[in-house]
Participant: 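Pasting in a structure now, in structure tokens, and then I'll have a few things to ask.
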Amino acid sequence: MAGKSNKGRSRRGSHNSTTCSEQAVSSDAPLKDNVTASKPPNVDSNEALNSSSQPKQGDLHLYPVPVKTQSGERLELQLNPGDSVMDIRQFLLDAPETCYFTCYDLLLHIKDGSTHHLEDYNEISEVADITLGGCSLEMVAALYDDRSIRAHVHRTRDLLSLSTLHASLSTSLALQYENAQSKAPNSGDAAKTDVPELDGLGFMEDVTGSLGKLLCTPSKEIKCVESIVFSSFNPPPSYRRLVGDLIYLDIETLEGNKYCVTGTTKMFYVNSSTGNVLDPKPSKAGYEATTLVGLLQKISSKFRKAFHEIMERKATAHPFENVQSLLPPNSWLELYPVPDHKRDAARAEDALTPSYGSELIGMQRDWNEELQSCREFPHTTPQERILRDRALYKVTSDFVDAAISGAVGVINRCIPPINPTDPECFHMYVHNNIFFSFAVDSDMEQLSKKRAVETNSSTESGNEAASSEMLPGGRMDSNEERCGRSSIGESDSITELAQGSVETPLAESEQATYASANNDLKGTKAYQEADVPGLHNLAMAIIDYRGHRVVAQSVLPGILQGDKSDSLLYGSVDNGKKICWNEDFHSKVLEAAKRLHLKEHTVLDASGNVFKLAAPVECKGIVGSDDRHYLLDLMRATPRDANFIGPGSRFCILRPELITAFVQAQAPESSKSVPKSGGEVNVATGSSKSEGEVNVATDSSKAAVVETPVETESHEAATSGDNQGITNEDKNKADTECASASVKSCETNEEILFNPNVFTEFKLAGSQEEIVEDEENVKKASSYLVDVVLPKFIQDLCMLEVSPMDGQTLTEALHAHGINIRYIGNVANGTKHLPHLWDLCSNEIVVRSAKHILKDVLRDTEDHDLGPAISHFLSCFFGSCQSVAAKLTSSSQSKNHKKEQASHHSSGKTSKGHARWKGKTSARKNISSYMNVSSESLWSEIQKFAKLKYQFELPEDARLRVKKISVLRNMCQKVGITIAARKYDFNTAMPFHTSDILNLQPVVKHSVPVCSEAKDLVEMGKVQLVEVSILKSETDPIKLKGMLTEAYTMFSEAFSILQQVTGPMHREVANCCRYLAMVLYHAGDMAGAIMQQHKELIINERCLGLDHPDTAHSYGNMALFYHGLNQTELALRHMSRALLLLSLSSGPDHPDVAATFINVAMMYQDIGKMNTALRYLQEALKKNERLLGEEHIQTAVCYHALAIAFNCMGAFKLSHQHEKKTYDILVKQLGEEDTRTRDSQNWMKTFKMRELQLNAQKQKGQALNAASAQKAIDILKTHPDLMQAFQAAAAAGGSGSSSASFNKSLNAAMIGETLPRGRGFDERAARAAAEVRKKAAARGLVTRSHGIPVQAVPPLTQLLNMINMGATPEAGDGGEASGEKREEANGHHNPNGAVDSKKDESTTSKEGEAAPVGLGKGLASLDAKKQKTKLKATS
């Protein structure tokens, strides 16, 4: 929707400064507004506009069209000819002047004097050409009807509430800062001296106490009216209906007056009713209006004032804070104490009739028809593709929303099954044209079986459990298989399955598992993205709630009506006994197979007939009653994992990302002479195959599509953490490349194709050689996973090139590399020497194991016991809680035995339902199952589960070693639990009480499509950014400017497209904003960078969650940008928030936390608070040494950062000692010939020289007198922490890698790192710090001075000068040295000291002193070399 949020907001005027962000800027408007709002200052405006209007973008232009409102006001909309009338209505609904008009017709007046009545589904271009000018719109009041008048009342209630306004903490911080600055007479100096110290170090020690700080107290609600409720006079009597009465409302105003209001087809008016008798006559002549808001403004002056205040509040908010998020994340914390629950008649009315997602009035939506019709939209031109993507996104999002509501109704037993006479385990549900079926957690069943019948079934259950993460094959498609059982006559085949061979019942028992549902979703997503014309898939979502997993699908046309036994054209419904085949269907499946790297191969059915397939045997190709070809049951869209071959692991499949990466890795080997294949796919730049890295980047844009959206998107958002990260991210995301891109790159005869049916029980019909070759291909890919991908991933983790912060980001990083979660035990074992990584992996294994056990408990729990069950489970998990019931383990064993008996029920599929329903019998049997859990039994189960599923031995003290808050957060997010945000005492036996459990929400996986057009542009822009970061030091300004312009144009186009497709609330839009901020930062437009970064922050808070690592990353970047504008107090407040979020997601022990400490130290150092800066540096040093080791290369860079800091304070002796430590580590790790080692040696010489200069000054008579010596001693006495710091530094050079965290940032630069997610904060942010300051100063912005003014030097610096036996250097050599070093220190503590040090070094040489080549310079140059080497290597 072109310019959607811009409407009505661009007129607000600039009520906040640029630093307060983009309130005034309609930056969510696509290109036009966006380019003018935040183009790089060194990019010509016209140039930016022209380049951004490339054909790729679909030539999106906006034209001003004036609108006359119902109230007679005039406003102007920016419209595109492609906008529909529905879009215009949405724009008017967003504009403050027209937000309360809901029932009106739109008239379009054209220049020639004619007037057109606009229908809702028309596009403007179908009616008139607005590009010629002279057009205007008019809103004309329409007549209300029963439905529209109710909608009007609901809309009015919404407008009177601030609940739809989601204010970001960052916005309020900026507003507070601006207000404080406006009050302070000397704001510049005040800010520098009055900056408060963060409590960062304090709350990192008390993470549990910081839970309450995550949630901001909601802003005070502005009350406009006491109540607006439907009157008990409703419905109007028949004689009043005949004169137009539609509704009666009882309204009580703030003045205490009570009115009865009549809503008619034309207006609202106050009637004369009093008491219990209706008097329909108008009360007063003036008390009437066409809208309810208009009437209330007439009858209540307090309403008028309060409503104006609400509109003002919404208008002054950032535009993105008013936009609703389609699928918001679940919050795992809620306010404590719990706010009072107050009477609200309106809320009660809304909840009176539960609809579970369906429309109460009108026809139900036909989801399948909507989805398939959208897929059939033309998509040849860019604008057509945008319209198609927008329609698909909207329909799929609406479907997921409806599916969630329906699944909750199904699980709560509020929706009856369509086959109530069948056993419960076979029940199916159709509600709101969505088909619902259950999947069962096979992991718990296998664990029970293994325990109960260890001797008989150990192999089988072990294999099944091991494979459970990807047991795709079994869950019969709900529409074809389950419905089909009654409508296609499938019951016989099911009975046969139940009584078949060992392999077949095993396959049957794997039907409907959690993991097969996951795989089906991924397979469906892969085929959707392959986008073969004429081949259709169903809409699908997976909902986990109260321990159940429900699979929701759109209804296959015709499946519920009549006998469609001839509709199966392709594949098999009985595990290969009978296989169907159709030429037309096969040609479409074959086309998709090429894009998914699947091979056309032959198989045999039970009768020995040969069939040529290009898909898994158990897939089903069906012709619906709409004559469309549907492909269902896509649980094995990739081949089997040859590392897991056993009867129970037949559905252990490889991830699509791995297949793509393997094919790409093999391509150079098999066809080194075909460089063009890479060039074909390289839409981004027409570069040759030697730019392999670039090709990967482009591919990956289409790539992540095979992933479930949540995984893909989050990985992307995460991986884009820094410029170096971009290159590596692209390499990592080579795995996520989509088939549709890779097919272009691999359309040669030597392309590797996989047979999805090898290593299965299906009979292959090809020659023995062909079968062996197919098996070899799959074995090679599986070996590639174990021998290449896993070790490389572990190495990347150890080098901090990939730095996940929490379980979610670890999962995304694994998936992005093509590694299944079942290999997480291998990753844990490979990272034992790094505590933070081992903790992360083992904690994730613990949480995943506990999640299955908790879901098993919840399935057996009655509604009234849910709260007690969850609180008891969490107390057992985190405390030392005893079982409430007398029977402890024995009871648990008997329960498992009962489960075992249930799972061998007569039907082969009965196990699916045995624990699902809380029917009367099972309720009696399991009445207190949750009470049988104790801490000992729970942890024993967790250890068994971890061993069985992840082949990982949890240590005996695992209970004590888990990071309590991080694990609690992870657990709540995975199960959908919301707890009170209070301080929990984990040392007590019962840390949790029933009152702490506030909610249980559904957790969803879905296949909402992504916009490939925008993803391509983002990838191309990232390639440009990588080049900018590599070549920044070597490229002439003109070329650099051109590259920045190009990158800016691409990101702007992507932003514009995504705005039209998804609206602003989408994490892909956040990615664009982040990259735009980076480009603007590089270009020197700090204010523009802050605007874009603020947008990213708001979107991340709304779409990912308040404490997601990406949100923390956003706060960190905002802090660095504010610091660049000399708004250090505001920067530190953002840093404080970032530290809080990091402590919740990763815990205090993570290199990224140390990196953030370094950034905080840099800020304090720049405002002269050296003692505070040293505290943070010291803490970072301890953290990194503990986490990474004393001789980690990052520890060396940490010492270098400390050396620079001490040098800045004139403590040259300490500088030399720290640099010596740096040098020793670098010699050991890199050798004496490495550039960085030589740089470190040069720094040591410089520090030594400066120390000698001071000694020379002393010998000239500048000796310290006794008083100053005594002063130094006094200061040390009052700062014991500093005394310890100096002693430690002098003795050992400090004990660890203080700057390791920061070094983590530097090392990122150094190694071309790809922290997919959680790095401290963008190194990019500081990379351009020097240029930024110059340019900011040139543009009249306040800039920080590099040197610290003498009067601002704290006593600490004087003390250090005394320690060095010299006073603060005067002019001359000493002065130069000190000033230079301050500059270096400031530069070096930027998140990317590398570039700044280089600049400092050049400065020093200008001053005539032969300063050494900085270590930072070495890092930067090595970074550039490594990036180039990586490019060559991958090509």
Side-chain angles (χ1 to χ4, degrees), residues 442 446 459-460 462-475 502-504 506-511 513 515-523 526-527 571-572 575-576 593 596-604 613-619 633-663 666 706 735 739 752-766 770-787 789-790 815 818-823 826 949 951:
S442 68
Q446 295 314 317
T459 311
E460 175 189 359
N463 287 332
E464 279 189 36
S467 70
S468 67
E469 195 244 339
M470 55 274 73
L471 297 176
R475 194 193 51 72
V502 173
E503 191 75 17
T504 314
L506 184 55
E508 186 58 34
S509 71
E510 290 167 349
Q511 304 275 350
T513 60
S516 68
N518 279 344
N519 283 351
D520 195 4
L521 183 67
K522 277 184 285 197
Y527 275 88
S572 171
N575 273 321
L596 299 177
H597 304 292
L598 295 181
K599 179 181 176 181
E600 185 180 33
H601 57 282
T602 50
V603 293
L604 295 168
L613 294 181
V617 171
E618 71 274 13
C619 78
D633 276 12
L634 302 168
M635 277 87 57
R636 287 196 301 114
T638 50
R640 184 167 174 177
D641 186 348
N643 302 319
F644 285 79
I645 297 182
S649 50
R650 67 191 284 258
F651 295 121
C652 284
I653 60 170
L654 298 171
R655 290 192 65 85
E657 301 91 340
L658 179 84
I659 297 299
T660 306
F662 177 70
V663 168
Q666 295 299 307
V706 189
D735 317 327
I752 299 173
L753 296 175
F754 296 93
N755 182 340
N757 293 313
V758 295
F759 299 122
T760 64
E761 75 280 10
F762 304 121
K763 297 173 189 168
L764 301 174
E770 187 185 358
I771 293 173
V772 169
E773 185 188 346
D774 288 348
E775 289 182 348
E776 275 307 308
N777 269 346
V778 173
K779 282 180 181 173
K780 279 183 193 171
S782 304
S783 302
Y784 179 72
L785 170 58
V786 173
D787 301 336
V789 176
L790 258 175
H815 286 171
I819 303 169
N820 306 77
I821 288 293
R822 63 177 173 274
Y823 288 101
N826 304 48
K949 180 153 186 204
Q951 294 80 51

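Every heavy atom of this structure was used, including side-chain atoms; hydrogens, water molecules and symmetry mates were not.
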Participant: If you look at every heavy atom in P756 and A615, which pair is closest and at what distance?
Facilitator: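 Minimum heavy-atom separation between P756 and A615: CG-C, 3.9 Å.
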Participant: Hey, could you give me the CG/CE distance between N518 and M635, rounded to the nearest 0.5 Å?
Facilitator: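 Rounded to the nearest 0.5 Å, the CG-CE separation comes out at 12.0 Å.
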Participant: How would you list, by chain and number, every residue that makes a side chain to side chain contact (heavy atoms under 4.5 Å, CB included) with D787, sequence neighbours excluded?
Facilitator: S783
Participant: Atom CZ of R655 and atom CD1 of I821: how far apart are they, to the nearest 0.5 Å?
Facilitator: 8.0 Å
Participant: Run the side chain to side chain contact (heavy atoms under 4.5 Å, CB included) test on L785 and N820 for me, step by step, so that the C-alpha distance in whole Å, both residues' side-chain angles and the decisive distance to 0.1 Å come before the verdict.
Facilitator: CA-CA 10 Å; L785 170 58; N820 306 77; 4.2 Å; yes
Participant: Check the pair K599, E773 against salt bridge (Lys or Arg N to Asp or Glu O under 4.0 Å), reporting the backbone distance first and the verdict last.
Facilitator: CA-CA 12 Å; K599 179 181 176 181; E773 185 188 346; 5.3 Å; no
Participant: I need the H597 NE2 to T660 OG1 distance, nearest 0.5 Å.
Facilitator: 4.5 Å
Participant: Over all heavy atoms of both residues, which pair between G766 and T602 is shortest? Give the atoms and the distance, please.
Facilitator: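 Heavy atoms only, the tightest pair is N-OG1, 3.2 Å.
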Participant: Distance-only, no hydrogens or angles: does the T638 side chain make a donor-acceptor pair with backbone N or O of L654 under 3.5 Å?
Facilitator: yes
Participant: Quick check: does any side chain N or O of D641 sit under 3.5 Å from a backbone N or O of C652, one acting as donor and the other as acceptor?
Facilitator: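 Checking the backbone N and O of C652 against the side chain of D641, no donor-acceptor pair under 3.5 Å is found.
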Participant: Which value, rounded to the nearest 0.5 Å, describes the distance between I771 atom CD1 and L764 atom CG?
Facilitator: 5.0 Å
Participant: Between atom NE2 of H601 and atom CD of E770, what is the distance when rounded to the nearest 0.5 Å?
Facilitator: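 If we round to the nearest 0.5 Å, H601:NE2 and E770:CD are 9.5 Å apart.
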Participant: Among D520, T760, N757, which one satisfies side-chain hydrogen bond (donor to acceptor under 3.5 Å, both in side chains) with R636?
Facilitator: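 One option only clears the test, and that one is N757.
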Participant: Among N777, I653, N755, I659, exactly one meets side-chain contact (heavy atoms from CB on, under 4.5 Å) together with P639. Which residue is that?
Facilitator: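 Result: among N777, I653, N755, I659, I659 is the only option passing the side-chain contact (heavy atoms from CB on, under 4.5 Å) with P639.
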Participant: Determine the interplanar angle of the F754 and F662 rings, folded into 0 to 90°, and report it as parallel if under 30°, tilted if 30 to 60°, perpendicular if over 60°.
Facilitator: tilted
Participant: Could you tell me which non-hydrogen atom of D633 sits nearest to which non-hydrogen atom of E618, and how far apart they are?
Facilitator: CB-O, 3.8 Å
Participant: Heavy atoms only: give me the nearest F759-A642 pair and the separation to one decimal.
Facilitator: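 Closest approach of F759 to A642, heavy atoms only: CE1-CB, 4.1 Å.
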Participant: Measure the shortest side-chain to side-chain distance between I819 and L658 over non-hydrogen atoms and say whether it is less than 4.5 angstrom.
Facilitator: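 Result no, sub-4.5 Å side-chain heavy-atom pair not found.
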Participant: Which atom pair, heavy atoms only, marks the closest approach of Y527 to A637?
Facilitator: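 So the minimum-distance heavy-atom pair works out to CE1-CB, 4.2 Å.
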